[in-house]
Amino acid sequence: MTSPSARRALDGIPVYKPGKSAADENYKLSSNENPYGPLPGVMERAAGQLGRINRYPDAGMTVLYDALGAKFKLSPDHFAAGTGSVAVLFALLNAHCEAGDEIIYAWRSFEAYPIAADLTGATTTRVPLRDDATHDLDAMAAAITDRTRVVLVCTPNNPTGPIVKQADLEAFLAKVPAGVIVVVDEAYVEFVRDPDAADGLALLAAHDNVVVLRTFSKAYGLAGLRVGYAIAQPAVAESIRKATAPFSVTDLAQAAAVASLDSEAELTARVESIVKEREVMLAALRGQGWDVPEAQGNFVWLPLGDDAMEFAAACDPVSVRPFAGDGVRISVGDPAVNAEFVALAAAWREVH
Ligand SMILES: *Cc1c(COP(=O)(O)O)cnc(C)c1O
């Protein structure tokens with residue numbers, strides 16, 4: 001008897017490896033989570049949905065799409081939400097790619113990209129980052145063939161930190177055929193302070209093939225509720241909605257997301273304190289002699305190469321995210337824990 005076998009596309013796909021947990025959650029600097037709890041009013045409005053969880057959620061996500069429409073001054077048909085922007089990316093790639101197609105992304109970049117891309121059965125082209133850990137958009141443009149359907153651009157790039165510049169992305173888009181989707185993954189856009197950084201929404205206004213990905217998981221601090229969305233031309237947004245399982249975003253999550261959008265002032269204050277902490281960590285680490293690339297998200301990157309795993313183990317009890325043979329990503333967390341991490345990094349340098 002033969003046992004059931006999954007599609008061959010799954011053979012090379014690793015199971016997603018989450019950041020290591022920590023006994024004290026404040027010590028978890030491995031998943032780019034927000035150290036702050038939910039924004040004011042969010043818990044109350046999410047809890048307000050608890051008494052009616054016998055009902056399916058609003059599959060049309062009308063209140064959420066209206067709120068996003070008001071925020072971005074776009075009609076609601078420009079949005080497609082899902083259980084995190086990773087799920088939205090899975091849906092987008094499933095809607096547009098199949099065996100025989102090609103998907104291009106930079107590497108190293110977000111760990112979920114290879115999984116989402118390979119699942120479609122398409123071939124992938126990974127274009128190495130430049131020495132300063134930025135996207136090599138010229139090489140990415142040169143990698144486009146007539147089979148390319150989607151190019152993924154992560155700005156700021158997880159896990160290395162730098163943004164893609166608006167001028168560079170504009171020049172890139174001028175070279176991309178109109179039928180190729182360019183995903184601009186802006187999971188960390190709220191933390192960006194570089195005025196030259198790419199502006200996905202402005203690019204979307206000028207290019208019908210641009211899709212912007214945003215999430216409530218990072219700056220908004222709702223990682224546990226799973227809400228992310230795409231902003232795209234209505235036809236593209238519709239293709240993503242078609243490929244998304246119905247009723248996937250709960251009413252709790254929708255209510256929390258909408259409530260978070262109503263707390264813009266508090267959000268800005270929290271993000272600002274995380275950015276300040278990032279700059280403190282960056283300055284301290286560079287002062288120790290580390291070669292840290294530009295950090296525009298809520299994390300910093302240490303290019304440790306073959307020492308990545310050993311360094312991560314030496315950071316105990318602080319949990320960081322190593323990528324074997326490449327480097328270690330450290331999230332900006334609680335200031336006291338960040339300081340502990342900086343001290344551990346200094347101790348490492350003294351003996352290496
Ligand atoms: C965290 C992250 C996301 C979003 O994750 P969700 O929790 O699924 O919304 C998307 N892209 C990148 C690059 C990320 O780091």
Side-chain angles (χ1 to χ4, degrees), residues 16-19 28-35 38 61 64 68 79-94 103-117 119 126 129 133-135 150-164 169 182-192 197-198 200 211-232 240 243-245 248-250 252-254 256-257 260-261 271 274 278 293 295-301 320-321 323 327-333:
Y16 185 84
K17 192 169 160 286
K28 187 179 175 204
L29 305 185
S30 57
S31 292
N32 293 349
E33 292 160 341
N34 196 314
M61 298 194 250
L64 177 59
L68 291 170
F79 303 95
T83 49
S85 59
V86 169
V88 177
L89 177 67
F90 274 57
L92 167 83
L93 294 181
N94 264 317
I103 299 166
I104 298 172
Y105 54 88
W107 199 250
R108 176 167 300 272
S109 190
F110 186 28
E111 287 295 287
Y113 293 166
I115 302 172
L119 263 180
R126 293 178 175 190
L129 296 173
T134 60
H135 279 54
V150 177
V151 182
L152 306 177
V153 176
C154 189
T155 174
N157 189 49
N158 175 9
T160 62
I163 48 97
V164 170
L169 201 44
V182 176
V183 174
V184 183
D185 187 344
E186 295 189 332
Y188 302 96
V189 68
E190 294 86 356
F191 303 106
V192 171
V211 176
V212 178
L213 289 183
R214 297 279 186 103
T215 179
F216 285 95
S217 296
K218 308 288 161 52
Y220 287 88
L222 294 181
L225 273 180
R226 317 302 304 124
V227 198
Y229 56 99
I231 317 171
I240 299 170
T244 301
S248 51
V249 184
T250 65
L252 264 78
Q254 293 183 44
S260 297
L261 292 173
V271 165
I274 293 169
R278 174 185 79 200
Q296 290 285 309
N298 63 342
F299 53 90
V300 297
W301 172 253
V320 298
R321 181 74 150 97
F323 297 90
V328 176
R329 187 192 69 200
I330 306 97
S331 311
V332 179

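Predicted, not measured: the structure shown is a model, and the values here were computed from it. Just follow the structure's listing: the first ligand is 1, and inside any ligand the first atom is 1.
The heavy atom nearest to atom 9 (O) of ligand 1, considering only N157, L225, V227, T215, is found in T215.
Taking the six-membered ring for Trp and thresholds of 30 and 60 degrees, F216 and Y229 have ring planes inclined between 30 and 60 degrees apart. Note: W301 and F323 have tilted aromatic rings, judged against thresholds of 30 and 60 degrees for the angle between ring planes. Using a 30° and 60° split on the angle between ring planes, Y113 and F110 fall in the perpendicular class, above 60°.
The distance from ligand 1 to the heavy atoms of S217 drops below 4.0 Å at these ligand atoms: 6 (P), 7 (O), 9 (O). With ligand atoms numbered from 1 in the order given, ligand 1 contributes 6 (P), 7 (O), 8 (O) to contacts under 4.0 Å with heavy atoms of R226. Each of the following atoms of ligand 1 lies closer than 4.0 Å to a heavy atom of N158: 13 (C), 14 (C), 15 (O). Which parts of ligand 1 touch A187 is read off a 4.0 Å heavy-atom cut-off, strictly below it: atoms 2 (C), 3 (C), 10 (C), 11 (N), 12 (C), 14 (C). Shown in contact with S85 at under 4.0 Å from a heavy atom are these atoms of ligand 1, numbered in order with element: 3 (C), 4 (C), 5 (O), 6 (P), 8 (O), 9 (O), 10 (C).
Closest of all the heavy-atom pairs between N32 and K218 is O-CD, 3.3 Å. When all heavy atoms are compared, the tightest approach of V192 to P156 is CG2-CG, 3.5 Å.
Between the side chains of N158 and R329, at least one donor N or O sits under 3.5 Å from an acceptor N or O.
Heavy atoms of F216 come nearer than 4.0 angstrom to ligand 1 in no pair at all. Residue contacts with ligand 1 include C154, since one or more of its heavy atoms lies under 4.0 Å from the ligand. Between D185 and ligand 1 there is a heavy-atom distance shorter than 4.0 Å.
An N or O contact shorter than 3.5 Å is missing between Y113 and ligand 1 by distance. Between V86 and ligand 1, an N or O atom pair is found at a separation short of 3.5 Å. For the pair T83 and ligand 1, the shortest N or O to N or O distance does not fall below 3.5 Å.
The side-chain heavy atoms of N34 and N298, taken from C-beta on, include no pair separated by under 4.5 Å.
With hydrogens left out, the protein atom closest to atom 2 (C) of ligand 1 is K218 NZ, 2.4 Å, a heavy atom. The protein non-hydrogen atom at the shortest distance from atom 15 (O) of ligand 1 is Y188 OH, 2.6 Å.
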